[in-house]
Amino acid sequence: MRKRFSVFDFFELFTIIITIIVIIFSSTLILAIVLKGLPYLGEAFYSEEVRFSIKLSLYTATISTVICMALAIPTAYALTRTSFPFKKLCQIIIELPLSMPYLVLGLSLLIIFSSDFGKALKSMGFKVVFDKNGIILAQTVVNLPYVIRFIRTAFEEVDERLEFISGSLGATKWERFITITLPLSKNAIITTIILAWSRGLGEFGATLMLVGATRMKTETLTTSVYLNLATGDTGASMASATVILIISLISLFVTNWIGKKNTQESRMKDVKSW
Amino acid sequence: MVNSMVEIKKYSIQLGKFKLKNINLNICEKEIFAVLGRTGSGKTVLLESVAGFYRSFSGEVTIQGQQVIDIPLEKREIGFVYQDFGLFPHMTVYDNITYGLKIRRKDKEYKKKMADRMAEILSIGHILNQYPGTLSGGERQRTALARALILEPKLLLMDEPFSSLDPATKETMYQQIKKIHEIFGCTILFVTHDFNEAQIMADRIGIMVNGELKGIRKSADLFESYQDEEITEFLSGFQERRMCI
């Protein structure tokens, strides 16, 4: 039987063409780094400086992600499930850094932690400016509004009636959160963790303003790319960029794998198109 | 003297453009009460109000003499079955049914015994290991009922519980609900737009028109003459359809 051509086919064709353009563009970007960086990759892994930057990046991104999640989950819950005065204003203030350039955020942090307050913290043993604590702080400040927004959206998508039913079955607010809200937002939360970690790994602007770019001290992978490029060592710079790329690719695959693994069973699972 | 289970006095609530106006209702213990009305007449809002879903309203809603919103949700002892059944999608049927027992820290054997009992009453033994996404409408409804009834609530609230079922399954479910009512002796308040269903199931029927509870009758007297024009118009539509059938 001949298939009739409709306007929907044109729409499908249009979306496929756009997708191909996007794939070509993204592949070119990735290939540009990989092809230039691969020859130097082996050498880079033997370099103490690159190994230091990998370790520092992994350490700071992990700690900042843990802090972000610990702060974002209760905040997102409060913003979606409780009522308190000036809630909308609070939400705007929390998400304001989303629209601020990271350099400006870093500058704000530098001003705060160079003040008497920062000096008092330093005298108590908590150094921020030009220290790895500053890297963690910069990554946290940059990522927190994103993480709160993602988790807030995830909580908003959980049907509140399910929590109500859970309550009517005897669950306290904490039990409702643990047994209903959190499991139903699990995929979104795991994805947010991985994205926050990847973003932490790639953070540069705010970190540069707060802790500078000092070799073997505050040298994260992105700082390594910047320092090596500034000194004309393109090979080392590309190698560091390739390491970032590999880590990002792994985290993206893990995100997709978790997403697939946690897909709930549905009667529609065998229906491919209609 | 028959004790009152639910008492609603001068209850009004505004939700956006919709308003529930001056509701007065008294439901006795062990009674089956149906709220009958067209889609959008405010039946679900009334049901949710009895469950204590809303915080801003005027008037009062009491369950066994206690203001419903003064009782913490987890201590209200109500079972709620939504129109779409509201099953927890990330749990199997067994976990859905035994959720209330798990929250009460009951041991494994007790949970198994109770789940088997509910499964037998509602004929869902074969789907205990399945997830809600793979169930039919009837199976979902029976799972939601089992989950609500396993705790033997004193009040069972159901929002159009039979609307998505085919006629044969509906008939079976009517019998099962009546059987449940006999076994557990709970008060049942349900809303429906189906007069036939209301008459088969309920002891008394309240008619909702545009956010107002216009009349309350015994099921057998549902079609006796009303002075209110809106009720007469509403019921005449039913009667015309009944004659066509």
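Order of the sequence lines sets the chain letters (A, B, ...), proteins ahead of strands, with each chain counted from 1. All values below come from the heavy atoms of this structure, side chains included, with hydrogens, waters and symmetry mates left out.
For chain A, the nearby parts of B:Ala51 are the backbone and the side chain; heavy atoms of each come within less than 4.5 Å. Using a 4.5 Å cut-off between heavy atoms, B:Leu101 does not touch chain A at all.
For A:Phe253, the CZ atom counts as loosely surrounded, since its 6.0 Å shell holds 12 or fewer non-hydrogen atoms of other residues, nucleotides or ligands. Heavy atoms from other residues, nucleotides or ligands lying under 6.0 Å from CG of B:Asn210 number 12 at most. Counting heavy-atom neighbours within 6.0 Å of B:Lys112 NZ, excluding the residue itself, gives a total of 12 or less. The number of heavy atoms from other shown groups lying within 6.0 Å of CZ (A:Phe14) does not exceed 12. At most 12 non-hydrogen atoms from other residues, nucleotides or ligands lie less than 6.0 angstrom from NZ of B:Lys102.
Heavy-atom pairs under 4.5 Å with chain B were tallied for A:Glu175, A:Arg161, A:Lys173; the largest tally goes to A:Arg161.
Contacts of residues 71-84 of chain B with chain A at a heavy-atom distance below 4.5 Å involve B:Leu73, B:Glu74, B:Arg76, B:Ile78, B:Phe80, B:Tyr82, B:Asp84, listed in sequence order.
Counting heavy atoms from C-beta on, the side chains of B:Ile103 and A:Arg176 never come closer than 4.5 Å.
The two residues B:Leu87 and A:Leu162 make their nearest non-hydrogen contact at O-CD2, 3.7 Å. The two residues A:Ile165 and B:Phe88 make their nearest non-hydrogen contact at CG2-CZ, 4.1 Å. Contact between B:Arg147 and A:Leu169 at its shortest, heavy atoms only, is O-CD2, 3.4 Å.
Separating the NE2 atom in B:His90 from the CG atom in A:Leu182 is a distance of 9.5 Å, to the nearest 0.5 Å.
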